[in-house]
Amino acid sequence: MKSPHILLITPPLTQLNTPYPATAYLKGFLGGRGYFVTQADLGLELVLKLFSKAGLQRVFAEIEQGAYSLSDNSRRMLRLQKSYLATIEPVIKFLQNKDNTLAPRICHSRFLPEAARFDNVADLESAFGTMGLTDQARHLATLYLEDLGDLIKETVGPQFGFSRYAEKLAMSATSFEPLYDALQAAPNLLDEMLLELLDELVARTEPDVVGFTVPFPGNLYGALRLAGRVKEQRPQVKTLMGGGYPNTELRQIREPRFFDYIDYLTLDDGEGPWLRLLEHLQGQRAQEDLQRTFLRDTQGQVQYLNACREADIPHPEVGTPDYSDLPLTEYLSVIEVLNPMHRLWSDGRWNKLTVAHGCYWKRCSFCDVTLDYISRYETAPATLLVDRIEQIVRQTGQTGFHFVDEAAPPLALRDLAVELLRRRVNITWWGNIRFEKTFSPDLCRLLAASGCIAVSGGLEVASDRLLTLMEKGVTIAQVARVTDGFTQAGIMVHAYLMYGFPTQTTQETIDSLEVVRQLLAAGIVQSGYWHRFSMTAHSPVGKNPAKYKVAAIGPEPGDFAWNDLWHDDPTGTDHEQFGPGLAKALYNYMHGVALNEPLQFWFDFRVPRPTVPRQLIQQALQAEGKPDSVKQNLRLFWLGNAPDLEITEGKKGARATLTFYEQAEDFEVKTSEAVGQWLLELLTKLAHDYETKLLLKEAAASFPVSAAGMSFEAFLTSPAWLLLREKGLLIL
């Protein structure tokens, strides 16, 4: 077989605002190895086909011809179909940032037809504050789309969901039967639209190999529906699947019927398995020498092949994601919920990139730490990362980056920030971190200077006992100080919160809410989200439930998916009942509402009073930091420009005035002539030379002690030094 033409497909649905990066990563890697690769986001294309005038006409016509049992809300929408048909294309154009002049009409006139999603619309003035008219309009337009999504889900496309497309069919699906039955059924209207898009794509690209990424349960149905069509029309074409869902759920698959649709299922990072498979398809490698690949053998049995002797592709060699041939201007910026971090997820185009492979901590007991995507930790040099960033910016024209690490390593972020500043590469970025003490206030300021606008991190259960049991490696006091450092640097902080961890008591749940209340009241966390604990097969809790005093009670492993485990927690509380109250409290706290109400206010059943001190977070913030004198082995970094020096003679000798011209304001530092000359030399060097790492002790060695009339340690507490520290002299 000649070098095959490869088609990579993201099935519906991931995000509407930006491409999921899996196909871009694989295209970049395989393209660098000489393969011809095309990619397509059929999730986006389905949404654009469906939410068009022609698409909605098909929806309304099919509803009217069908025998659907309609809710009052759906009947109202049918009566308003002329309004929907007249507004759908302008709204889509607005959400694509192609016509922002529509915002005043959306906000201030009866432009959009309104159905059930508008019933509980928030007070947009208080929710958005000064965020502006365009954001309010984007939120209202998103509600309008979700109304249409509800109508479609109730009628012609029961599997539809903007981010959870056919998810129930794949979640914890130990049996393939429900999914198989759905795939055997006649295609519904949405399936037909999806298959029409595939037919056009395949006719245009003539692929030999078609690969599907399935990051979430909601992508599986679409991927298999599409793969079945490929097999039906072009049986000679090979179909492959990989992604987050197979990596966690299908590691023990024994279901032969799955392979009616997919020829090869690969696990973990795709670069190595794809390279070996392509060599096999070209006759250059025996089938037995494949890497992490499931297939159905000639006897109809599922086989797992992993005899390949080559190592994984190292992180520095995976190449740069290639976003070419994705329609980047067609994505929709939506604002689904009034949460500042969730807004970053869904609004705006973000290039997705990984700073490091895996997690450098990999101990959290609720996390899939035994799997490759977390357990294999590898970094890439900062110079290579910035090369990739510059290449992606040239290709996409977009300077927003979402670093999609499990937890970005603080020292790797430090080096990346220095390299961005050294090359004067201006990007805006955000990512996921651990709230660990390495994120000092100075490091936070450096990250902000390099373009960081937000971080998200796991506070999980805000209880020191449970944080220890989780092996989270942080304490509440430490989280408070780290989040304060980020906030002071102007970086938004989002906290992942968890309830229902094994042995968690009612008291600990209420105490966690009190800690969260204090964090938001102090203004050091701006956004958060409560997640219910889920026990998974590949986590330490799932591997050893007895250690955490819980019992796994199912499901029994079947021939298909197996990951989410049911468990019994005899020493814990009834976690289910807390969910609504926790969510309601957090939503209000984020908007500064009812911060001083008793915690009982949020629950319709009796809860105990919190036992944590009401000043817990304030006391943590008042703890003294380390003085600069003990930071001798750390690096000096100056965020500002080189100063001008003026020497003036006075009665007590010559005095130095250093004038700094900065973006927002100019300022002066007054000191003695000797110290002024020393500072001029030091800060000029730091401003112009990011290559050389100058340690504080090296600066101390050149300090003019006798001429200054003071020791270096004394100078570190002087007004001149403290002003420079405030204005951007960092110790990292």
Side-chain angles (χ1 to χ4, degrees), residues 122-123 126-127 129 337-343 434-435 454-470 472 474-488 491-501 504-533 572-623:
D123 175 358
S126 65
V337 291
L338 307 184
N339 174 309
M341 179 55 86
H342 290 178
R343 182 196 170 185
R434 290 180 64 249
F435 293 130
V455 293
S456 54
L459 172 54
E460 319 307 354
V461 177
S463 149
D464 282 336
R465 180 187 81 85
L466 291 171
L467 287 171
T468 302
L469 185 60
M470 287 178 171
K472 190 73 192 164
V474 299
T475 64
I476 292 169
Q478 181 181 310
V479 168
R481 288 190 285 271
V482 170
T483 55
D484 184 44
F486 278 113
T487 300
Q488 296 292 337
I491 296 170
M492 181 176 70
V493 178
H494 174 86
Y496 293 112
L497 304 164
M498 184 187 292
Y499 68 103
F501 192 75
Q504 183 174 357
T505 64
T506 296
Q507 186 66 62
E508 285 171 324
T509 301
I510 295 302
D511 286 351
S512 288
L513 180 57
E514 170 61 15
V515 171
V516 169
R517 185 196 69 78
Q518 290 185 30
L519 289 166
L520 281 133
I524 55 177
V525 170
Q526 293 77 45
S527 171
Y529 190 80
W530 288 102
H531 302 259
R532 174 79 185 270
F533 168 75
T573 189
D574 175 11
H575 304 296
E576 191 69 37
Q577 63 181 338
F578 286 95
L582 292 172
K584 189 176 180 182
L586 181 59
Y587 179 85
N588 282 278
Y589 293 164
M590 284 193 296
H591 293 102
V593 176
L595 279 160
N596 294 314
E597 290 285 350
L599 300 192
Q600 178 64 61
F601 180 77
W602 307 110
F603 301 96
D604 57 7
F605 55 93
R606 294 299 302 164
V607 298
R609 291 173 181 270
T611 59
V612 297
R614 280 187 73 80
Q615 301 302 316
L616 177 72
I617 297 303
Q618 285 301 333
Q619 287 167 359
L621 296 180
Q622 287 161 9

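Because the structure is predicted, anything quoted here is derived from the model rather than measured.
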So, taking the atom named NZ in Lys472 and the one named OG in Ser463, what distance separates them when rounded to the nearest 0.5 Å? 13.5 Å

So, using side chain to side chain donor-acceptor pair (under 3.5 Å) as the criterion, who are the partners of Gln478 when residues are at least two apart? none

Main chain of Ala462, side chain of Ser512: is a donor-acceptor contact present, judged purely on distance under 3.5 Å? yes

So CZ of Arg465 and CD of Glu508: to nearest 0.5 Å the spacing works out to 4.0 Å

Can you sort out the partners of Asp604 under side chain to side chain contact (heavy atoms under 4.5 Å, CB included), two or more places apart, ordered by chain and number? none

Quick one: does Thr487's side chain have a donor or acceptor within less than 3.5 Å of a partner on Ile524's backbone? yes

Applying ring-ring contact (aromatic ring centres under 6.0 Å, His included), can you list everything that pairs with Phe601, at least two apart in sequence or on another chain? none

Nearest-0.5 Å distance that lies between atom CG in Leu595 and atom CZ in Arg517: 7.0 Å

Pairing residues for Trp530 by the ring-ring contact (aromatic ring centres under 6.0 Å, His included) criterion, not counting sequence neighbours: none

His591 and Tyr587 aromatic ring geometry - parallel, tilted or perpendicular at 30°/60° bounds: tilted

For the pair Phe533 and Phe501, name the ring-plane relationship: parallel under 30°, tilted 30 to 60°, perpendicular over 60°. perpendicular

Only counting residues at least two apart or in another chain, list the ones meeting ring-ring contact (aromatic ring centres under 6.0 Å, His included) with Phe578. Phe603, Phe605

Exactly one of Val515, Leu586, Asn588 should register a side chain to side chain contact (heavy atoms under 4.5 Å, CB included) with Leu520. Which one does? Leu586

Going by the rule ring-ring contact (aromatic ring centres under 6.0 Å, His included), which residues pair with Tyr499 if we only count those two or more places apart in sequence or in a different chain? none

Taken to the nearest 0.5 Å, the spacing of Leu497 CG from Leu459 CG works out to 5.5 Å

Acceptor/donor pairs from residues 606-621 side chains to any protein atom, 3.5 angstrom cut, sequence neighbours excluded:
| unit_1 | atom_1 | unit_2 | atom_2 | d |
| --- | --- | --- | --- | --- |
| Thr611 | OG1 | Asp511 | OD1 | 3.4 |
| Thr611 | OG1 | Asp511 | OD2 | 2.6 |

Tell me the closest heavy-atom pair linking Ala495 and Val525, and the distance in Å. CB-CG1, 4.1 Å

Partners meeting side chain to side chain donor-acceptor pair (under 3.5 Å) with Glu576 (sequence neighbours left out): Arg532

In chain order, what residues pass the side chain to side chain donor-acceptor pair (under 3.5 Å) check against Thr483, with sequence neighbours excluded? none

Just jot down the side chain to side chain donor-acceptor pair (under 3.5 Å) partners of Asp464, sequence neighbours excluded, or say none. none

Walk me through it: do Leu467 and Val461 pass the test side chain to side chain contact (heavy atoms under 4.5 Å, CB included)? CA-CA 7 Å; Leu467 287 171; Val461 177; 5.6 Å; no

Do Val493 and Val482 make a side-chain contact, defined as non-hydrogen atoms from C-beta onward lying under 4.5 Å apart? no

Donor + acceptor pair across side chains of Ser456, His494 (<3.5 Å): no

State the CG-NE2 distance between Leu582 and His531, to the nearest 0.5 angstrom. 12.5 Å

Do any pairs count as a salt bridge (charged side-chain N to carboxylate O under 4.0 Å, His left out) and have a residue in residues 479-488, sequence neighbours left out, and if so which ones? none

Could I get the full list of side chain to side chain contact (heavy atoms under 4.5 Å, CB included) partners for Ala454, not counting sequence neighbours? Met341, Leu344, Trp430, Met492

Is there a side chain to side chain contact (heavy atoms under 4.5 Å, CB included) between Gln504 and Met498 once you walk through the steps? CA-CA 11 Å; Gln504 183 174 357; Met498 184 187 292; over 6 Å; no

